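Remarks on the structure that follows.
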Amino acid sequence: MTELVHRETYDGIATITLDSPANRNALSAQLRRELIDHLDSALGDEAARVVLLTHTGTVFCAGMDLKESRGAAAEDQGVSELPRILETLWTSPKPVLARLTGPARAGGVGLVAACDIAIAADTATFGFSEVRLGVVPAVISVTVLPRLTPRAAQELFLTGETFDAVRAVEVGLLNRAVPREAVDAEVDRYLDMLRLGAPAALAGAKELLRRERPGTMAADFAAMNALSARYFAGAEGQEGIRAFGERRPPSWVVR
C-alpha cells in the first residue's frame, strides 16, 4: 500500500507532507491513520523542534473523503481520528506551522486552524462547504471558531461561500498570504524565528495560549464528533454526498 503521508526531520524541523493528490489530499481513513502516526512520531522525536504540515499537488486538503461516507451509518462514519488529529495539532508542545499553496475545504480548514501559524499562497481559497452537502462543520468548529471573528464565522459557516487567502487573513484563519513564489521564503522566515525559542519555553507559551479553553477540548470533540456523524449518516447528508459524486445539485436546491 502506497504511503499517503510522509515525514522527514532535518535541521530541527519535522516536515509532515500530505501526499494523496489523486483525491486532493482528502482525509481518507488511510491518510488519517498515517497522519496520526507521523504526528505522534514527530512529537516524540527530540531532534524535532518545530512541526511543518504541508502537501503535494494543487490542493492542500479537500476535507473528508466523501466516497467513504456514502451509505455508512452514523456509527460507521469513521471520523473518530479527526478529533484526535486536531487535538494533537492544537495541544502539541512543539509549534506547528501549516504551509499551503492550494485550496483547503471543510476538514482541511480545520487542520489549518489547528496549527499555531498558517502561511498560504495568496491564490489559495477556503470554504466551509458542509451545509451545501447536508452536513455541518461540527468537529472542525472546535479549532476553527477560536480563530475566526464571530461575524465571519456565522457568514462563512451558513453560506458555504468560497473565500480567498486575503479574507482568510482578515478573519483570523491565516497569519500571512503571500505570492506563490514567496511562500517558501516566508515559511523559512517563520521557521527560523521558531528555532530561536527554547523548547520548554515554547511549550510553556503554548500552554498559556490554551488557558482560554481549560479542560473543554476533549468534551467538545466528543460532542461534535457525534453530531457530525449523525448528519453525515442522515437523509440530507447522504443525498448531498450522492449529489456531489454525481455532479448534480442536491434535491433541496430549487432551480
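Since the structure is predicted, the reported quantities are computational estimates derived from the model, not experimental observations. If you read the sequence from its start, that first residue is 1, and numbering goes on from there.
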Notebook entry, point to check: Rounded to the nearest 0.5 Å, how far does CG of Leu111 lie from CG of Leu27?
Noted result: 5.5 Å

Notebook entry, point to check: Where do Val139 and Pro83 come nearest, in terms of heavy atoms and distance?
Noted result: CG1-CG, 3.9 Å

Notebook entry, point to check: Can you tell me how far CZ of Arg189 sits from CG of Leu194, rounded to the nearest 0.5 angstrom?
Noted result: 10.5 Å

Notebook entry, point to check: Looking only at heavy atoms, which two atoms of Leu53 and Cys115 are closest? And how far apart?
Noted result: CD2-SG, 4.1 Å

Next item on the list: Working to the nearest 0.5 Å, report the span between OH of Tyr190 and CG of Leu97.
Entry: 8.5 Å

Notebook entry, point to check: Should Arg84 and Asp40 count as side-chain neighbours, where that means a heavy-atom distance under 4.5 Å?
Noted result: yes

Notebook entry, point to check: Is there a donor-acceptor pair under 3.5 Å between the side chain of Arg32 and the backbone N or O of Ile85?
Noted result: no

Checklist line | Polar side-chain atom of Asn175 near backbone of Ala118 as donor-acceptor pair, under 3.5 Å | finding: yes

Next item on the list: Could you state whether Val5 and Val51 fall into the same hydrophobic cluster, counting links through intermediate Ile, Leu, Val, Met, Phe, Trp or Tyr residues with side-chain heavy atoms under 4.5 angstrom apart?
Entry: yes

Notebook entry, point to check: Can we say Arg195 and Asp11 salt-bridge, meaning some charged N sits less than 4.0 Å from an Asp/Glu carboxylate O?
Noted result: yes

Item checked: Whether Lys206 side chain and Asp116 backbone form a donor-acceptor pair below 3.5 Å -> no

Check: Is the number of heavy atoms from other residues, nucleotides or ligands within 6.0 Å of CZ (Phe163) greater than 12?
Finding: yes

Check: Would Ile16 end up clustered with Leu191 when hydrophobic side chains under 4.5 Å apart are linked, directly or stepwise?
Finding: no

Check: Between Arg24 (side chain) and Ala62 (backbone), is there a donor-acceptor pair under 3.5 Å?
Finding: no

Next item on the list: Group every Ile, Leu, Val, Met, Phe, Trp and Tyr by side-chain heavy-atom contacts under 4.5 Å, then state whether Leu145 and Ile140 land in the same group.
Entry: yes

Item checked: Where Ala104 and Phe60 come nearest, the two heavy atoms and their spacing -> CB-CD2, 4.0 Å

Checklist line | side chain to side chain donor-acceptor pair (under 3.5 Å) contacts touching residues 43-60 (sequence neighbours left out) | finding: Thr9-Asp45, Asp19-Thr56, Thr54-Arg99, His55-Thr101

Note to self: Closer than 4.0 angstrom, basic N to acidic O: yes or no for Glu239 and Arg248?
What the structure shows: yes

Next item on the list: Spell out, yes or no, whether Val131 and Val109 are grouped together once hydrophobic residues are joined by side-chain heavy atoms under 4.5 Å, including indirect joins.
Entry: no

Next item on the list: Please name the pair of heavy atoms, one in Pro103 and one in Val59, separated by the smallest distance, quoted to 0.1 Å.
Entry: O-CG1, 3.4 Å

Check: Got a second to check how far Phe128's CZ is from Leu158's CG, nearest 0.5 Å?
Finding: 11.5 Å

Margin query: For a quick test of reading the model, state the closest non-hydrogen atom pair linking Leu18 to Cys61 and the distance between them.
Written below: CD1-CB, 4.3 Å

Check: Which pairs pass side chain to side chain donor-acceptor pair (under 3.5 Å) with one or both residues in residues 123-146, sequence neighbours excluded?
Finding: Arg105-Thr125

Notebook entry, point to check: So, Glu68 side chain and Ser28 main chain: donor-acceptor pair closer than 3.5 Å or not?
Noted result: no

Item checked: CA sep, side-chain torsions, deciding dist, call: Asn23, Lys67, side chain to side chain contact (heavy atoms under 4.5 Å, CB included) -> CA-CA 10 Å; Asn23 71 341; Lys67 292 180 181 178; over 6 Å; no

Notebook entry, point to check: Taking atom NE2 of His6 and atom OG1 of Thr17, what is their separation to the nearest 0.5 Å?
Noted result: 7.0 Å

Next item on the list: Output the rest of the hydrophobic cluster of Leu202: all Ile, Leu, Val, Met, Phe, Trp and Tyr residues reachable through side-chain heavy-atom contacts under 4.5 Å, sorted by chain and number.
Entry: none

Check: Step by step, would you call Phe126 with Leu174 a side chain to side chain contact (heavy atoms under 4.5 Å, CB included)?
Finding: CA-CA 11 Å; Phe126 304 84; Leu174 295 178; 3.8 Å; yes

Next item on the list: Look only at the side chain of Arg180 and the backbone of Ala121, and say whether a donor-acceptor pair between them is shorter than 3.5 Å.
Entry: no

Check: What's the verdict on side chain to side chain contact (heavy atoms under 4.5 Å, CB included) for Leu52 and Val50, showing C-alpha distance, side-chain angles and the deciding distance?
Finding: CA-CA 7 Å; Leu52 173 63; Val50 180; 5.8 Å; no

Check: Just how far is it from atom CD of Glu8 to atom CD1 of Ile13, taken to the nearest 0.5 Å?
Finding: 11.5 Å

Check: Under 3.5 Å, side chain of Ser228 to main-chain N/O of Met224, donor-acceptor pair present?
Finding: no

Check: If you count the non-hydrogen atoms of other residues, nucleotides and ligands that lie under 6.0 Å from CD in Glu207, is the total more than 12?
Finding: no

Next item on the list: Return yes if some donor-acceptor pair links the side-chain N/O of Gln238 with the main-chain N/O of Phe232 below 3.5 Å, else return no.
Entry: yes

Note to self: Looking at Thr88, is its backbone amide N or carbonyl O close enough to the side chain of Ser92 to form a donor-acceptor pair, meaning the two atoms are under 3.5 Å apart?
What the structure shows: no

Next item on the list: Please answer: with hydrophobic residues joined when any side-chain heavy atoms are less than 4.5 Å apart, are Tyr231 and Leu133 in the same cluster?
Entry: yes

Checklist line | Val142 versus Asp220, closest heavy-atom pair with distance | finding: CG2-CB, 3.9 Å

Next item on the list: State which residues pass salt bridge (charged side-chain N to carboxylate O under 4.0 Å, His left out) with Asp122; sequence neighbours excluded, sorted by chain then number.
Entry: none

Item checked: Cluster companions of Val253 among Ile, Leu, Val, Met, Phe, Trp, Tyr (side-chain spacing under 4.5 Å) -> Trp252

Next item on the list: Name all pairs fulfilling the salt bridge (Lys or Arg N to Asp or Glu O under 4.0 Å) condition that reach into residues 158-176, sequence neighbours left out, sorted by first residue then second.
Entry: Glu155-Arg167, Arg176-Glu186

